[in-house]
There are 2 protein chains.
Amino acid sequence: MVKELDEKNDALPDHVGWRLWQASRAWQAEFAAAMRAAGHVWFSEARAGLLGHIPRNGTRQSALIERAATSKQAVQQLLDGLEAEGVLERLPDPRDGRGKLVRYTRKGLDALRDGDRIKLQIERGYIDRIGEQRFAALMDALRSLDAGQADASGEAPGSK
Amino acid sequence: MVKELDEKNDALPDHVGWRLWQASRAWQAEFAAAMRAAGHVWFSEARAGLLGHIPRNGTRQSALIERAATSKQAVQQLLDGLEAEGVLERLPDPRDGRGKLVRYTRKGLDALRDGDRIKLQIERGYIDRIGEQRFAALMDALRSLDAGQADASGEAPGSK
DNA sequence: TCCATATGGTCAAGATACTTGACGATATTC
DNA sequence: GAATATCGTCAAGTATCTTGACCATATGGA
């Protein structure tokens with residue numbers, strides 16, 4: 001592999017968005033690999049994104065749709081898949097004949113447990129890499145960022 | 001919309017991975033919306049991810065494949081699309097009969113220019129939200145994280 | 001020089017994730 | 001009750017990415 005001279009590393013991006021994207025991708029790849037290695041072969045990033053919005057005690061499907069920033073149909077399809085995998089189950093909502101409740105199965109709760117363990121492992125790795133202080137500053141900044149936008153931002157698509 | 005009592009906010013995730021993912025998604029949504037509003041309707045996140053690996057003076061397709069963490073076929077398909085949109089063009093590599101060079105068209109360079117402007121706008125918004133210091137700490141942590149892993153990490157798939 | 005092997009790129013087919021549009025069933029509001 | 005809104009589903013299409021197979025050109029060594 002010859003290093004061409006006229007292709008010297010002419011500035012790859014170094015702005016917040018790029019850095020966030022790269023960091024997020026790296027984290028997800030590491031996490032997904034560990035989850036699959038732990039036997040949760042059904043795991044995918046899209047599914048993880050949805051599960052992140054489902055608290056341990058379950059939720060109503062409609063509430064889930066509000067939280068996730070996608071269309072209700074996308075949420076539904078992910079739920080279909082997770083239900084077929086036996087990670088979740090859907091029950092009729094006793095308080096609303098139209099609604100459904102989503103909750104974890106035993107298998108789903110096991111996955112959450114493994115996920116928590118893996119998260120801690122990855123976090124330890126990060127602290128080793130950049131130090132406790134930088135890591136704390138990172139979390140602080142990310143939390144502030146989140147808090148600062150909660151209101152504005154965009155509409156979920158497909159909600160016609 | 002009635003607030004059910006037994007559904008009170010039972011801990012949504014608050015770990016690095018989740019925060020990074022949310023922050024990354026928010027940034028990308030904001031950026032993509034602004035790009036499309038600026039007339040670059042061909043813009044998508046996947047395409048942006050690829051363009052981020054193409055320096056302004058172009059690159060060889062094979063070098064691009066090394067940088068992007070996906071299969072050569074995925075890269076090719078994205079390039080096909082971007083070429084069809086007139087954002088990029090591919091030329092035969094004069095130094096390697098097999099190779100191709102990828103470079104921006106006028107349209108592509110215009111988009112890069114608008115992109116730079118939008119990035120700065122978003123960055124200013126972030127600084128307004130969380131303050132200069134937190135923002136600097138965020139960038140510092142993200143850069144350290146990136147530097148600290150450059151070596152390890154995973155193989156690109158599909159490279160059989 | 002010629003052959004084996006590696007590399008750069010393409011074609012094709014399938015899986016996943018997501019989007020839009022249309023539609024029933026139940027709630028809510030007046 | 002009737003009009004309207006909400007909840008969920010079905011169906012079809014698009015974008016992205018994956019794997020596998022395949023040529024064409026380079027490269028390295030006998």
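Here is the naming used below: chain letters follow the sequence lines, and residue numbers restart at 1 for every chain.
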(request) Run the salt-bridge test on A:Asp93 and A:Arg98 with the 4.0 Å N-O cut-off and return the result as yes or no. (result) no

(request) Take the protein atom CG of A:Asp96 and the nucleotide atom P of D:dA5, then report the distance between them rounded to whole Å. (result) 17 Å

Return all side-chain donor-acceptor pairs below 3.5 angstrom for residues 39-51 of chain B, not counting sequence neighbours, or 'none' if the list is empty.
{"residue": "B:His40", "atom": "NE2", "partner": "B:Asp114", "partner atom": "OD2", "Å": "2.7"}
{"residue": "B:Ser44", "atom": "OG", "partner": "B:Arg47", "partner atom": "N", "Å": "3.2"}
{"residue": "B:Arg47", "atom": "NH1", "partner": "B:Trp42", "partner atom": "O", "Å": "2.8"}

(message) Output the rounded distance in Å from CD (A:Glu85) to C1' (C:dT16).
(response) 13 Å

(message) Has A:Arg134 got a side-chain atom pairing as donor or acceptor with B:Ala141's backbone, closer than 3.5 angstrom?
(response) no

(request) Nearest whole angstrom, please: distance from the C1' of D:dT25 to the CZ of B:Arg95. (result) 16 Å

(message) Let's see if you get this right: which residues in residues 23-41 of chain B place a heavy atom under 4.0 Å from DNA chain C?
(response) none

(message) Once rounded to the nearest 0.5 Å, what's the spacing between atom CG of B:Leu79 and atom CD of B:Gln73?
(response) 12.5 Å

(request) Kindly compute the distance separating CD1 (A:Ile54) from CZ (A:Arg60), expressed to the nearest 0.5 Å. (result) 14.0 Å

(message) Check this one for me: any side-chain N or O of A:Ser71 less than 4.0 Å away from OP1 or OP2 of C:dC18?
(response) no

(message) In this structure, how many angstroms lie between the C1' atom of D:dG8 and the CG atom of A:Leu78, rounded?
(response) 15 Å

(request) Would you mind reading off the distance between A:Trp42 atom CH2 and C:dA17 atom P, rounded to a whole angstrom? (result) 12 Å

(request) Provide, to the nearest angstrom, the distance between the CZ atom belonging to A:Phe43 and the C1' atom belonging to C:dA17. (result) 15 Å

(message) Does A:Ala46 reach a base, just sugar-phosphate, or nothing at all? Heavy atoms under 4.0 Å.
(response) sugar-phosphate

(request) To the nearest Å, give me how far apart CZ (A:Arg47) and C1' (C:dA17) are. (result) 10 Å

Please enumerate all protein N or O atoms sitting under 3.5 Å from an N or O of nucleotides 9-12 of chain C, with distances to 0.1 Å.
{"residue": "C:dG9", "atom": "OP1", "partner": "B:Lys100", "partner atom": "N", "Å": "2.5"}
{"residue": "C:dG9", "atom": "OP1", "partner": "B:Lys100", "partner atom": "O", "Å": "3.2"}
{"residue": "C:dG9", "atom": "OP2", "partner": "B:Ser62", "partner atom": "N", "Å": "2.6"}
{"residue": "C:dG9", "atom": "N7", "partner": "B:Lys72", "partner atom": "NZ", "Å": "3.2"}
{"residue": "C:dG9", "atom": "O6", "partner": "B:Lys72", "partner atom": "NZ", "Å": "2.8"}
{"residue": "C:dT10", "atom": "OP1", "partner": "B:Lys100", "partner atom": "NZ", "Å": "2.8"}
{"residue": "C:dT10", "atom": "OP2", "partner": "B:Gln61", "partner atom": "NE2", "Å": "3.0"}
{"residue": "C:dT10", "atom": "OP2", "partner": "B:Gln76", "partner atom": "NE2", "Å": "3.0"}
{"residue": "C:dT10", "atom": "OP2", "partner": "B:Arg90", "partner atom": "NH1", "Å": "3.2"}
{"residue": "C:dT10", "atom": "O5'", "partner": "B:Gln76", "partner atom": "NE2", "Å": "2.9"}

(request) Hey, could you give me the CZ/CG distance between B:Arg103 and B:Leu109, rounded to the nearest 0.5 Å? (result) 10.0 Å

(message) Regarding B:Asp93, tell me which of base, sugar-phosphate or nothing describes its non-hydrogen contacts under 4.0 Å with the strands shown.
(response) nothing

(request) Specify the closest pair of heavy atoms between A:Arg117 and A:Ala38, including all atoms of both residues, with the distance to one decimal. (result) NH2-CB, 4.3 Å

(request) Report the distance from atom CD of B:Glu45 to atom P of C:dT19, rounded to the nearest whole Å. (result) 10 Å

(request) Report the distance from atom CD of B:Gln121 to atom CD of B:Glu30, rounding to the nearest 0.5 Å. (result) 9.0 Å

(message) Looking at B:Ser44, I'd like to know whether one of its side-chain N or O atoms comes within less than 4.0 Å of OP1 or OP2 on D:dA15.
(response) no

(message) Check this for me, if you would: do B:Arg113 and B:Asp110 make a salt bridge, where the nitrogen-to-carboxylate-oxygen distance has to be below 4.0 angstrom?
(response) yes

